[in-house]
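Since the structure comes first, as structure tokens, the remarks are kept for the end.
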2 protein chains.
Amino acid sequence: MNPMPKPPTMKDVAAAAGVALKTVSRHVNGATNIDPALASRIATAITELGYRHNLAAASIRPGRSAKVIGLVISDLANPYWSVLARSVERTLSENGYLLMTVSSEEDADRHRLLVDRLIAQRVDGLIVSPPRRDTTGWAADAAPLLPVVAIDRPLAPLLPSPTDAHPAAAPTPTPPAAEASAPLLTSPGADADAPHPTQPGAAADAPLVDTILADNAGGAEAATRELLRHGARRILFLGDSLELYTMRERNAGFRRALGLDPASDDDRASVATAHTAAEAAEVVTALLGTGRIDAVFAANNRASTGAVDAFTRAGTRLPLIGFDDFEAATLVRPGISVVAQDVAQMGETAAHAVLARLAGETPPPTTTTLRTRLVLRGSELP
Amino acid sequence: MNPMPKPPTMKDVAAAAGVALKTVSRHVNGATNIDPALASRIATAITELGYRHNLAAASIRPGRSAKVIGLVISDLANPYWSVLARSVERTLSENGYLLMTVSSEEDADRHRLLVDRLIAQRVDGLIVSPPRRDTTGWAADAAPLLPVVAIDRPLAPLLPSPTDAHPAAAPTPTPPAAEASAPLLTSPGADADAPHPTQPGAAADAPLVDTILADNAGGAEAATRELLRHGARRILFLGDSLELYTMRERNAGFRRALGLDPASDDDRASVATAHTAAEAAEVVTALLGTGRIDAVFAANNRASTGAVDAFTRAGTRLPLIGFDDFEAATLVRPGISVVAQDVAQMGETAAHAVLARLAGETPPPTTTTLRTRLVLRGSELP
DNA sequence: TTGTATGCGTTATCAC
DNA sequence: GTGATAACGCATACAA
């Protein structure tokens with residue numbers, strides 16, 4: 001009693017049905033022109049043998065593919081990414097594609113490894129959130145091979161200038177099949193709407209990838225203006241590391257609303273960095289009652305929950321608006337006002353972008369910026 | 001200027017390096033005994049041509065596989081499932097496997113379709129949460145083909161034939177996979193279209209699958225006892241449809257704590273069904289102040305947030321304990337007490353179970369029941 | 001240590 | 001409409 005015997009092949013089915021291999025192939029692929037008598041004999045043989053079509057084998061034929069897309073995000077456990085992944089999955093599923101999701105943990109090397117693995121697996125396309133310190137050149141290597149779509153962040157975000165002086169670039173040669181010296185593709189259409197600062201040492205031309213972003217700066221600016229409108233004067237910007245593109249953008253919008261020179265260091269803008277909700281809560285707790293701040297702009301949902309937590313513990317509160325909606329936002333009083341982004345639409349748009357490329361469309365790469373929505377629930381008030 | 005030229009193969013590399021195919025194959029697969037001179041020539045050819053190992057093609061060889069596992073859950077957007085999926089992904093990733101996650105939306109037919117698709121894709125193993133009305137016999141078909149692990153719920157027991165109706169169920173200990181004979185669960189339902197013929201030879205016994213569950217009944221019982229201990233007498237059981245295994249189990253634990261006959265209809269136990277948080281909030285709002293209930297056991301996190309929402313709106317509250325921890329639980333006062341289950345451990349255990357089977361271990365199928373933890377934060381008090 | 005020949009399961013070509 | 005046969009990209013006996 002072998003627990004897992006070798007599965008039957010088309011050949012077995014053909015033999016059992018007394019037809020040729022090709023006829024079975026036709027039947028399996030839903031060809032119309034088959035003698036009904038043979039068709040039913042084949043069908044019988046298939047069920048009797050328990051035959052299963054082998055898509056992996058079929059996919060190695062030229063022109064065929066496994067109809068699988070790879071999705072690289074930073075952490076599937078984060079609700080932001082899981083909702084996005086679900087949206088991608090839904091859209092792809094409607095079009096007959098499966099999705100392979102991997103979490104890069106914001107680690108550039110791991111990110112590179114995962115991208116290479118997905119390419120080795122011969123996925124048809126790649127939807128990728130570029131990692132924090134993106135120096136591996138994965139995009140330049142991948143883009144010539146298959147459709148690549150960047151989500152949430154553009155490729156090659158600008159690193160903080162001071163640290164750029166001596167980038168301890170350890171060019172780890174990823175084994176084996178790696179290090180493909182990217183043929184510098186002369187990009188036909190440069191995206192005008194987003195002036196990407198080129199990295200020192202990196203290729204001057206960005207790889208051909210569609211990009212789907214949210215209007216981080218605009219959303220942050222609107223939120224900050226709303227706080228100002230209600231009398232706030234010393235707003236705390238509470239967010240994650242400014243190494244993250246989204247954080248830089250939100251901070252830029254924040255400073256724009258304050259009328260600050262993006263490059264200056266005006267003390268009207270306090271900035272605090274917190275990676276976890278607990279850290280965010282600590283920061284807020286320490287500042288509460290000192291009079292040094294009179295409002296909080298929480299630049300992601302961990303910062304928001306941290307701030308709310310600090311307020312709840314202290315039994316007092318400050319005007320607050322967060323970036324990204326979150327479940328708890330409606331459960332406290334006053335409700336937490338947020339800059340909401342349409343995560344599901346980002347996923348859907350990204351999926352459609354890959355599908356369009358797979359369908360053969362080859363327009364110049366586009367950058368889509370999705371609008372954000374200011375949802376006021378009361379927490380913006382003094 | 002072909003945007004996506006045909007990728008180079010091993011043959012191309014071999015030709016470019018002036019060696020045989022086999023040698024390239026060894027190099028790519030990390031073989032040790034290769035002439036350093038040839039190895040470097042191969043490496044050069046690989047980078048020069050931009051060669052990528054094709055795992056899809058390699059996987060069709062006997063004994064080889066793509067090292068991909070399929071995960072079937074109901075909805076990746078639900079934090080419960082996404083945390084679970086992340087945990088599975090992490091464990092698999094550490095062992096060189098990729099994960100394909102699909103959402104069945106609790107639809108049995110869609111579930112069947114997805115399982116079939118994953119099998120066609122030749123995944124190495126399957127981790128599956130059986131859908132609500134599981135009548136397609138997917139498990140019996142899949143289990144002989146590849147390792148299958150059930151998570152969160154056991155496989156649907158063979159549908160009880162009418163003669164099986166012995167309502168005098170002795171108070172047997174719950175686990176494993178036992179005693180799911182919910183009072184309200186009537187006939188197999190409308191779709192008699194697939195009475196699934198038992199395989200010739202294979203009897204009607206359950207397929208060989210490992211199963212990972214949480215102690216739903218035990219957790220619910222502990223929570224209910226805690227509410228009783230603080231004086232509650234008319235506790236509302238607020239949850240999703242009792243068609244769901246977890247709901248039946250939690251309800252069983254709830255009734256056990258109340259000392260109720262599982263089959264009776266004692267009015268000390270009010271049961272309300274709500275699928276969304278909004279519905280749950282409605283139910284609670286309608287009951288608040290009527291005196292008909294004096295505490296709430298929320299049987300999932302949507303019910304919990306709905307109840308909290310209703311409390312917040314009404315400006316009053318009742319003792320409450322929920323099943324499943326949730327983000328907002330610590331942000332309100334009093335903090336929401338919950339029965340917490342270790343979702344990450346469930347994912348890790350499931351992943352290890354498939355990996356063990358793939359490694360050749362063939363013990364009899366086991367059912368693992370993970371302990372739950374009662375986390376008290378204050379909301380259980382009057 | 002390296003090369004040759006063959007097969008994996010499927011699909012495409014092109015005669016019949 | 002159907003069927004032999006040749007790929008597809010890779011890995012493995014087996015021989016050299």
Side-chain angles (χ1 to χ4, degrees), chain A residues 5-43 45-46 49-68 119-124 145-146 176-177, chain B residues 5-43 45-46 49-67 117 119-124 145-146:
Chain A
K6 206 192 71 170
T9 76
M10 265 192 185
K11 188 154 62 175
D12 301 324
V13 174
V19 298
L21 197 58
K22 176 60 182 164
T23 311
V24 179
S25 175
R26 284 202 183 93
H27 179 89
V28 167
N29 288 15
T32 55
N33 42 350
I34 300 183
D35 187 314
L38 295 192
S40 86
R41 264 160 56 197
I42 293 174
I46 286 180
L49 297 178
Y51 167 77
R52 301 283 194 147
H53 194 189
N54 187 335
L55 258 42
S59 74
I60 81 169
R61 300 311 312 287
R64 295 239 153 194
S65 86
K67 305 206 94 179
V68 175
I119 292 177
Q121 215 79 258
R122 288 300 190 270
V123 296
D124 298 287
L145 268 38
L146 77 179
Chain B
K6 206 191 69 169
T9 76
M10 265 192 187
K11 188 155 63 173
D12 301 325
V13 174
V19 298
L21 197 60
K22 166 68 181 164
T23 314
V24 180
S25 176
R26 312 193 91 198
H27 178 91
V28 167
N29 287 14
T32 54
N33 349 337
I34 300 183
D35 186 312
L38 294 193
S40 87
R41 262 160 58 196
I42 292 174
I46 284 179
L49 297 178
Y51 167 79
R52 301 284 193 148
H53 193 189
N54 186 338
L55 259 42
S59 74
I60 81 169
R61 299 307 311 282
R64 297 239 154 193
S65 86
K67 306 208 93 178
R117 173 68 190 279
I119 292 177
Q121 215 79 256
R122 289 300 189 271
V123 294
D124 297 289
L145 269 37
L146 76 179

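Below, read A as the first sequence line, B as the second, and so on, with proteins coming before strands; counting in each chain starts at 1. This one's a predicted model, so the numbers in the text were calculated from it and none came from an experiment.
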Nearest-Å distance, [atom1] ([X]) to [atom2] ([N])?
X       : N       : atom1 : atom2 : value
D35(A)  : dC16(C) : CG    : C1'   : 16 Å
L21(A)  : dG3(D)  : CG    : P     : 10 Å
K6(A)   : dC8(C)  : NZ    : C1'   : 9 Å
N54(A)  : dG9(D)  : CG    : P     : 17 Å
Q121(A) : dG9(D)  : CD    : C1'   : 14 Å
K22(B)  : dA11(D) : NZ    : P     : 9 Å
N29(A)  : dT11(C) : CG    : P     : 4 Å
I60(B)  : dA7(D)  : CD1   : P     : 16 Å

Reckon [X] touches a base, only the sugar-phosphate, or nothing at all at heavy-atom distances under 4.0 Å?
X      : value
V28(A) : nothing
L55(A) : nothing
R64(B) : sugar-phosphate

**Prompt:** Would you say R41(A)'s side chain and G18(A)'s backbone share a donor-acceptor pair under 3.5 angstrom?
**Reply:**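 A pair under 3.5 Å: yes.
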**Prompt:** Are the side chain of R122(B) and the backbone N or O of H53(A) linked by a donor-acceptor pair below 3.5 Å?
**Reply:**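 Present.
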**Prompt:** Any side-chain N or O of H27(A) less than 4.0 Å from the OP1 or OP2 oxygen of dG3(D)?
**Reply:**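 For dG3(D), OP1/OP2 do not have a side-chain N/O of H27(A) under 4.0 Å.
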In Å and rounded to the nearest 0.5 Å, what is the [atom1] to [atom2] distance from [X] to [Y]?
X      : Y      : atom1 : atom2 : value
S40(A) : H27(A) : OG    : NE2   : 9.0 Å
I60(A) : N54(A) : CD1   : CG    : 9.5 Å
N33(B) : R26(B) : CG    : CZ    : 5.5 Å

**Asked** Between the base of dA12(C) and the side chain of R61(A), is there a donor-acceptor distance below 3.5 Å?
**Response**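 Counting by modelled atom types and ignoring angles, no donor-acceptor contact under 3.5 Å is found here.
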**Message:** Please determine whether any donor N or O and acceptor N or O are separated by less than 3.5 Å between the side chain of R26(A) and the base of dG3(D).
**Reply:**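 Under the 3.5 Å cut-off, the side chain and the base do form a donor-acceptor pair.
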What nucleotide, of [options], holds the atom closest to the side chain of [X]?
X      : options                 : value
A58(B) : dT4(C), dA11(D), dG3(D) : dA11(D)
L38(B) : dG3(C), dT2(C), dT10(C) : dT2(C)
T9(A)  : dA11(D), dG9(C), dA4(D) : dG9(C)

**Residue whose closest nucleotide on DNA chain C lies nearer the 5' end, T23(B) versus K11(A)** =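 Per heavy-atom nearest nucleotide, the more 5' residue is T23(B).
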**Request:** Nearest-nucleotide wise, let me know which of N33(B) and P62(B) is further upstream toward the 5' end of DNA chain C.
**Result:**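 Comparing both residues, the 5'-ward one is N33(B).
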